[in-house]
Student: 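One structure is given below, represented as structure tokens, and several questions about it will come after.
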Amino acid sequence: MSNILPLAFYQRPDPVQIARELLGKHLYTRIDGVLTGGRIVETEAYAHLNDQACHSHLGRYTARTKIMYEPGGVAYVYLIYGRYALFNIITNEAGKADAVLIRGLEPIEGIPEMLLRRGLPAVQRNLTAGPGLLTQALGITTKHYGTDLTGDTIWLEDHREVVPTDRIIASPRVGIDYAGADAALPWRFRLAGSKWVSPAK
DNA sequence: GCTCAGATCGGCT
DNA sequence: GCCGATCTGAGCA
């Protein structure tokens, strides 16, 4: 497809705006020669400035967050609880380490392969509804840390779907109570009525 | 060098 | 509803 989202989409300054716009876009991977993908239905924004929930806030710079300081349009994949890979898209320009976490995906392409990777017998909600699950289904692992999102391994496409503003639910992000007042920011975005949003409260 | 908690999920009570 | 799996990094000594 030629409607791959260009670097210019990611390198804009407002991760909250980008997180909203990513709803209804499609995420694909071609890993081990197998095409899998689906429609993004849930995201969260993380900003490096004034956001204690963000791994890069206040310029925190470690082996894990290094990639966040690259120019937007690369993958930030990290392991949580030693067990699940979470997939983020780095946004903004170099040195401004913003990110968008993908939390929910509606499976469309390569469903048999996704079932195999998840060890499930049939399509059900926990195939891709959750940030640690959709990475398994798509075959994304920490090996994909730093992958260029305009390449042929992981990429996003614009299918010209127009998502009406009143179908987007904004709410506080999940699992970041430690971030103090920033935990209340309504930076989690979901498509109303989608069964593929994560089950988290 | 040690301890503790985390942007999670699935299994068990 | 609670608990454990299992790795990274922060905070402290």
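In the text below, chain A, chain B and the rest are named by the order of the sequence lines, each starting its count at 1. Since this is a predicted model, take the numbers as computed values, not measurements.
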Student: Work out how far the P atom of B:dC12 is from that of C:dT6, and round it to whole angstrom.
Tutor: 15 Å
Student: Out of B:dG10, B:dT8, C:dA10, which nucleotide sits closest to the side chain of A:I80?
Tutor: B:dT8
Student: Partner lookup for C:dC2, please. Criteria are Watson-Crick or G-U wobble with both distances under 3.5 angstrom; report none if nothing qualifies.
Tutor: B:dG11
Student: Between atom OH in A:Y84 and atom C1' in B:dG11, what is the gap in whole Å?
Tutor: 10 Å
Student: Considering only side-chain heavy atoms of A:V174, which listed nucleotide, C:dG9, B:dT8, B:dC9, is closest?
Tutor: B:dT8
Student: Determine the interplanar angle of the A:Y28 and A:W155 rings, folded into 0 to 90°, and report it as parallel if under 30°, tilted if 30 to 60°, perpendicular if over 60°.
Tutor: parallel
Student: Where the side chain of A:Y81 is defined as all heavy atoms beyond and including C-beta, which of C:dA5, C:dC7, C:dG9 is the nearest nucleotide?
Tutor: C:dA5
Student: Can you tell me the distance, in whole Å, between the CG atom of A:L58 and the C1' atom of C:dG11?
Tutor: 16 Å
Student: Does a nitrogen or oxygen in the side chain of A:R83 sit under 4.0 Å from OP1 or OP2 of C:dG4?
Tutor: no
Student: Measure the distance from CD1 on A:I102 to P on B:dT8 and round it to the nearest whole Å.
Tutor: 14 Å
Student: Quick one: A:M68 CE to C:dG9 P, roughly how many Å, whole number?
Tutor: 13 Å
Student: For A:T36 and A:T29, does a side-chain donor sit closer than 3.5 Å to a side-chain acceptor?
Tutor: yes
Student: Over how many whole Å does the gap from A:F87 atom CZ to B:dT8 atom P extend?
Tutor: 16 Å
Student: How many whole angstroms separate atom OH of A:Y76 from atom C1' of C:dG9?
Tutor: 10 Å
Student: Can you tell me how far C1' of B:dG6 sits from NE2 of A:H57, to the nearest Å?
Tutor: 14 Å
Student: Can you see whether A:F189 has A:R173 sitting over its ring - NZ or CZ less than 6.0 Å from the centre and within 45° of the normal?
Tutor: no
Student: For a quick check of understanding: with a heavy-atom distance under 4.0 Å over all strands, which category does A:G82 fall into, base, sugar-phosphate or nothing?
Tutor: base
Student: In whole angstroms, how far is the P atom of B:dA5 from the CG atom of A:D177?
Tutor: 14 Å
Student: Is any side-chain N or O of A:R118 closer than 4.0 Å to OP1 or OP2 of B:dG10?
Tutor: yes
Student: Regarding A:H57 and A:D51, do their side chains bring together a donor and an acceptor under 3.5 Å, going by distance alone?
Tutor: no
Student: From the options C:dG9, B:dG10, C:dA10, select the nucleotide whose nearest atom is closest to the side chain of A:A63.
Tutor: C:dG9
Student: Between the side chains of A:H55 and A:Y76, does any donor sit under 3.5 Å from an acceptor?
Tutor: yes
